[in-house]
Number of protein chains: 2
Amino acid sequence: MVTIKEIAERCGVSITTVSRVLNNKGDSISEKTKERIFRVVDELNYVPNAVARSMVTKRTNNIALIVPDISNPFFADIAKGAERTCVNRGFHLFLCNSDMDKEVEKEYIRVLRKRLVDGMIITTQNTEEYDVIFEEMLEDNYPFVFIERYSDKLADVPGVFAGNMDGAYNITKHLIELGHKDIAFITGPLVTSNARYRLEGYQRALKDHDLPVNPKLIRNGNYKVAGGYRETKTLLEQNIQFSALFASNDLMAFGAYQAVKEYGLEIPEQLSIVGFDNIDMPGVIEPQVTTMDIPAYEMAVKAVTILLDLIEGRTPKESKVYYPLKLVNKGSTAPKKEVQDFA
Amino acid sequence: MVTIKEIAERCGVSITTVSRVLNNKGDSISEKTKERIFRVVDELNYVPNAVARSMVTKRTNNIALIVPDISNPFFADIAKGAERTCVNRGFHLFLCNSDMDKEVEKEYIRVLRKRLVDGMIITTQNTEEYDVIFEEMLEDNYPFVFIERYSDKLADVPGVFAGNMDGAYNITKHLIELGHKDIAFITGPLVTSNARYRLEGYQRALKDHDLPVNPKLIRNGNYKVAGGYRETKTLLEQNIQFSALFASNDLMAFGAYQAVKEYGLEIPEQLSIVGFDNIDMPGVIEPQVTTMDIPAYEMAVKAVTILLDLIEGRTPKESKVYYPLKLVNKGSTAPKKEVQDFA
DNA sequence: CCCCCTACGTAAAACGTTTTACTAAAGTAT
DNA sequence: ATACTTTAGTAAAACGTTTTACGTAGGGGG
């Protein structure tokens, strides 16, 4: 393995000089020397030892991304955006898949924090149970950025956020404007903040339009296909009137879709369905599910940008960024018919 | 930041002793001393500096995973399996998303190889164009393992592989046994080996059953939804008889599905469709697509296991592992009707 | 009483960089 | 000619570990 020392010897200069040239520091090196060094570096195909460099600079140029489940297309997009941004800026990205396990996540943070990585992007959705750790990190001035993780206590943590409440409000409004009055809602796991925000958006929209919030039309889901299926089935069998269904995320909407089809109703003629997330599913169902688009890739790019600013000692231009969401109409909603012909 | 030196001072012993105790080396340390050291370590919440350690051990305990597209559920599963296995064994995983770009992949290999990671898992599918790099790595004894990357020249590289040819053979046979004789086929990008193997499996099955291989029924696809859609449409409009369609991967099968539906044919009554990969799509379409299951997660676990063996100087139990594939019947195929009622 | 062995431990080198503090020579202004 | 500045470079410390080679005290066998 060729080292800087070897380069120096071959060039007849000191290690320092080589280091300076390679790092573009200290401008008092003659062009001739520079050129000679670069030539030898190329010849020997020398690449500086990142570990040794980290040792003295105290920087690894690595960051970590903690996600609950990389198989979820939303987080895959996050990972993609984060990784690309890192590499573009000379960083590398550790992937940490917590599998929704809090202990795993805690352990990641504990180990990584020390010195393996210069900072972290944390997306896992969870309760506020261990804000303690984050407070500690804040005190230590350890750089980290949230993606879609809300905490009242941690107002100082930089982060990027989706406009969940407004999004849910608007998509509900979309249904209301189509004439729907009885709109069922399937929540996400309410321990996560964005699930709560989406619920709140839904409720506010109803209230603002003088519609009652009927608790019987609200079911607790889990952001998974099976949960959407199950809760929808329950709703259908409950024999309560509703002409539209809002599932808190697309995966549950897909489950709902299947339940509705099995029940024998036409979408959207007999029942309108909307989801949330706009996950990129191949276009195999007709109609596809109308949903709110969350710009995951873009959000990840932003999060990494903020993080690298923090790491490199710059003040980020913005440290809390909210992303408004866009409704993507894919045809799974229709005006309410005067006479509802089921149930 | 607390260092080993501080621990040593507090315990009144030398740095060496602390290091030995922590690494469980050199057995001549009294229990009393050990205990004292562990207590102080706990108290100060000391975690050894991984960078300094790497400096001397020449090991980073990091490996890299290079994938073409983390958004593809197949590779997301690979990533998940790889990451979990790493962490279980005290390693961390760099995610490298090449975005199907050869130059990006090359650059990854170049940079990572030096010293950032102890080894690599390489899954990107591509031509044999730069086997040179791999030959170099082999010579250097640099540890790396392939997942689903075939190369005749690189027979010595350890790897895990899916039984593409047999899988394609068997799923074609499945169609033949249902009475289908005119079976259309959409290939993957033929620069990738597994696309070629799948094509070959299809052709062999036809020949073994004395059926002609009709070149007009074979279309070149690209493993993407849009490609499947486009090629299927072309096939349908060509006005050539076929009663079954085999798409080389599920994504293309989804595209095909949509094209067929739009054309007004019933699946599977009028046309049988099969895919490949068994990617985990929420169950929203009826019927879903019959496919071959590739145990991605399991394959990744195996690949990492082999890699860590190599890194840690053990001889892997197996260094080339083939995974036979299982047909997953999801109802998108049916017996051929006597009279085909379309076209 | 001497020698050797074992248990317990230490000092110092090494890993490959970056960075700090310094020097020597040449040019430049007075 | 003198003093100062710029240019071009160097030697050595530092980063936090692991590891190698060594040291010492006490006990047991001869």
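Here is how names work: the chains are called A, B, and so on, in the same order as the sequence lines, proteins then strands, and each is numbered from 1. This structure is a prediction, so every number in the text was calculated from the model and none was measured.
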Whole-Å distance, Ile15(B) CD1 to dA14(C) P, equals 17 Å
N or O in side chain of Ser54(B) less than 4.0 angstrom from dC15(C) OP1/OP2: no
CE of Met100(B) to CG of Asp69(B), rounded to nearest 0.5 Å, is 5.0 Å
Of the candidates dT17(C), dT20(C), dC15(C), the side chain of Ile4(A) sits closest to dT17(C)
* Anything under 30° is parallel, anything over 60° is perpendicular, the rest tilted; go ahead and classify Phe94(A) against Phe94(B). => parallel
Rounded to whole Å, the CD-P distance (Glu31(A) to dA8(D)) equals 9 Å
Over all strands shown, is Val13(B) touching base, sugar-phosphate only, or nothing at heavy-atom distances under 4.0 angstrom? sugar-phosphate
Check your understanding: Counting just side-chain N and O atoms, does Lys58(B) come under 4.0 Å of either OP1 or OP2 of dA14(C)?
Key -> no
Of the candidates dG16(C), dT17(D), dT10(D), the side chain of Val56(A) sits closest to dG16(C)
To the nearest angstrom, the CG-P distance between Asn24(B) and dT19(D) comes to 13 Å
> Do any side-chain nitrogens or oxygens of Lys32(A) fall under 4.0 Å of OP1 or OP2 in dA8(D)?
Replying inline: no
Among the nucleotides dT19(D), dT10(D), dT17(D), whichever has the atom closest to the side chain of Thr3(B) is dT17(D)
Rounded to the nearest 0.5 Å, the CD1 atom of Ile66(A) sits from the CZ atom of Phe146(A) at a distance of 10.0 Å
Between Glu105(B) and Lys102(B), is there a salt bridge with N-O shorter than 4.0 Å? no
Testing dT17(D), dC15(C), dG9(D) for proximity to the side chain of Ile29(A), the answer is dG9(D)
Arg36(B) atom CZ is separated from dG9(C) atom P, nearest whole Å, by 7 Å
Taken to the nearest whole Å, CE/Met55(B) to P/dG16(D) is 13 Å
query: Does the pair Lys302(B)/Glu318(B) count as a salt bridge with the N-to-O cut at 4.0 Å?
result: yes
Between CD of Glu6(A) and C1' of dT17(C) the distance, given in whole Å, is 15 Å
- Given dG16(C), is OP1 or OP2 found less than 4.0 Å from the side-chain N or O atoms of Tyr46(A)? no
Ranking dG9(C), dT18(C), dT17(D) by distance to the side chain of Pro48(B), first place goes to dT17(D)
**Prompt:** Within the pair Thr33(B) and dC8(C), is there a side-chain N or O less than 4.0 Å away from OP1 or OP2?
**Reply:** no
task = May I ask you to decide if the ring planes of Tyr108(A) and His92(B) are parallel, tilted or perpendicular, using 30° and 60° as cut-offs?
result = tilted
From the candidates dG16(D), dT10(D), dT17(C), the one with an atom nearest any side-chain atom of Thr16(A) is dT10(D)
message = Please classify the nucleic acid contact of Ser19(B) as base, sugar-phosphate, or nothing, using heavy-atom distances under 4.0 Å.
response = base
To the nearest angstrom, the NZ-C1' distance between Lys34(B) and dG9(C) comes to 13 Å
To the nearest angstrom, the CD-P distance between Glu9(A) and dA11(D) comes to 12 Å
query: Under 4.0 Å between a side-chain N/O of Lys5(B) and OP1 or OP2 of dT17(D), yes or no?
result: no
Can you tell me if the side-chain N/O atoms of Lys25(B) get under 4.0 Å from OP1 or OP2 in dT18(D)? no
query: Touch check for Thr17(A), heavy atoms < 4.0 angstrom, all strands: base, sugar-phosphate only, or nothing?
result: base
With the side chain defined as heavy atoms from C-beta on, Asn23(A) is closest, among dT10(C), dT18(C), dT17(C), to dT18(C)
Of dA21(C), dT19(D), dT17(D), the nucleotide closest to the side chain of Arg20(A) is dA21(C)
